[in-house]
Amino acid sequence: MRSRNFHFLLLLFRLSLRHTQKPTYFKHSLKFHAMISSGNPNIPDYMAAANFEEVEMAYYDSNMKTPEPRHALMRILIQNNQQDWEGMSEGYINYEQLLRVQTDSFKQHSNQTGGVHIIQQMLGCDWDDETEKVIGYNQYGYNGEDFLTFDLETETWIAANPQADTTKQEWDGNTANNQYWKNIVINVYPFWLKKYLIYASGFLDRPELPSVSLLQKTPSSPVSCHATGFFPHRAVMFWRKDGEELHEDVDQGETLPNHDGSFQMRVDLDISSVTPEDWRRYDCVFQLFGVKEDIVTKLDKAVIRTNEGKSEIRGDGD
């Protein structure tokens, strides 16, 4: 249950932060998520997780004695280099105190020392192995909202709201700490990301195709093309009309992780202006990195799953 709570809170944090991030796609990623909570007896005081290629690799919280691997890839890493795992485990545990110290100002400067409070940090990098471009990031959320984002170019902090201004000014003055964070996200994290890619080559070469369904809440609702169970996460999905990709009347959802390490995504089509005779002109296309054939699902009332319930389908290869 503690892990599910953590994933739910992380999802809220990601949904909040995505509005401050540029919608740029990179091929590989390494992220570290940490969370400090107070006043909530239902979740641990401290939780941390490492994500590689959007898959959770390791997890730790303050109710555990040691961090635990969450994926076969991490277990391979442990077998090949126990020393790396021991250092990582020690870092998970010790980081709790560092995060508490550096974020004590959040509550103090906001005059919110009592009650329930949640502080989250997302630290990591994205790396494009074709251009060699690295994008690093260090972002904080406070009580479910954006709080501070580190600007790598100026080595200063961006306050998301007036409550964060005092902390921003305090942290901007700590140039040594800011240089430390910049080195972490543009040098240290890319080093480990590339190292993990060597271990992961066998896994990434074995893509898993999804099951694809058409979903609709009511006859007047948009039709959602939903794919789940695919791996790796590098995939795209879109609606077409007469073979041409649609951009209007389309709502693209996020790629989200499943509990088994696979992923899911959706794309919605507003059919309010589509006449019944034109339905056959539309289809949904799913493309997975490393797989030549697309999964194409025709827009067909007979296969749409509604609240009344209809059987799940699989898209046919194009």
For the student: nearest non-hydrogen atoms of [X] and [Y], plus distance:
X	Y	value
L288	F286	CB-CE2, 3.7 Å
Q120	I118	CG-CG2, 3.9 Å
V212	T297	CG1-OG1, 3.4 Å
M88	M74	SD-CE, 4.1 Å
Y282	L269	CD2-CD2, 3.8 Å
F230	A235	CE1-CB, 3.8 Å

Between [X] (side chain) and [Y] (backbone), is there a donor-acceptor pair under 3.5 Å?
X	Y	answer
Q139	M122	no
D61	M64	yes
D283	K241	no
W239	V267	yes
S62	M47	no
N187	P190	no
N51	K31	no
N178	W171	yes
E53	S29	yes

Salt bridge check, [Y] against [X]: does any charged N sit closer than 4.0 Å to a carboxylate O?
X	Y	value
E170	K168	no
R240	E245	no
D128	K133	no
R266	E254	no

Hydrogens and angles aside, do N258 and T228 bring a side-chain donor and acceptor to less than 3.5 Å of each other? yes

Just by distance, no angles: are the side chains of T275 and D278 close enough, under 3.5 Å, to form a donor-acceptor pair? yes

W127 six-ring centre to K194 NZ/CZ under 6.0 Å and within 45° of normal: yes

Run the side-chain contact (heavy atoms from CB on, under 4.5 Å) check on T166 and S105 step by step: do they pass? CA-CA 9 Å; T166 304; S105 59; over 6 Å; no

Are there more than 12 heavy atoms of other residues, nucleotides or ligands under 6.0 Å from atom CD of E248? no

How about CD on E277, more than 12 heavy atoms from neighbouring residues, nucleotides or ligands closer than 6.0 Å, or not?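 More than 12 heavy atoms, drawn from other residues, nucleotides or ligands, come within 6.0 Å of this atom.
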
Could you walk me through whether M265 and H233 satisfy the side-chain contact (heavy atoms from CB on, under 4.5 Å) test, starting with their C-alpha distance in whole Å, then the side-chain angles of each, then the deciding distance to 0.1 Å, before giving a yes or no? CA-CA 9 Å; M265 68 189 310; H233 72 289; over 6 Å; no

Parallel, tilted or perpendicular: which describes the rings of Y142 and F147, with under 30° parallel and over 60° perpendicular? perpendicular

Before we go on, tell me: are the rings of F52 and F32 under 6.0 Å apart, centre to centre? no

In this structure, is the centre-to-centre distance between the rings of Y137 and F150 below 6.0 Å? no

Flag yes if L246 and V274 sit in one hydrophobic cluster, no otherwise; membership is Ile, Leu, Val, Met, Phe, Trp, Tyr, and two members link when side-chain heavy atoms are under 4.5 Å apart. yes

Yes or no on side-chain contact (heavy atoms from CB on, under 4.5 Å) for I186 and L152, after CA distance, side-chain angles and deciding distance? CA-CA 9 Å; I186 68 172; L152 287 168; 4.0 Å; yes

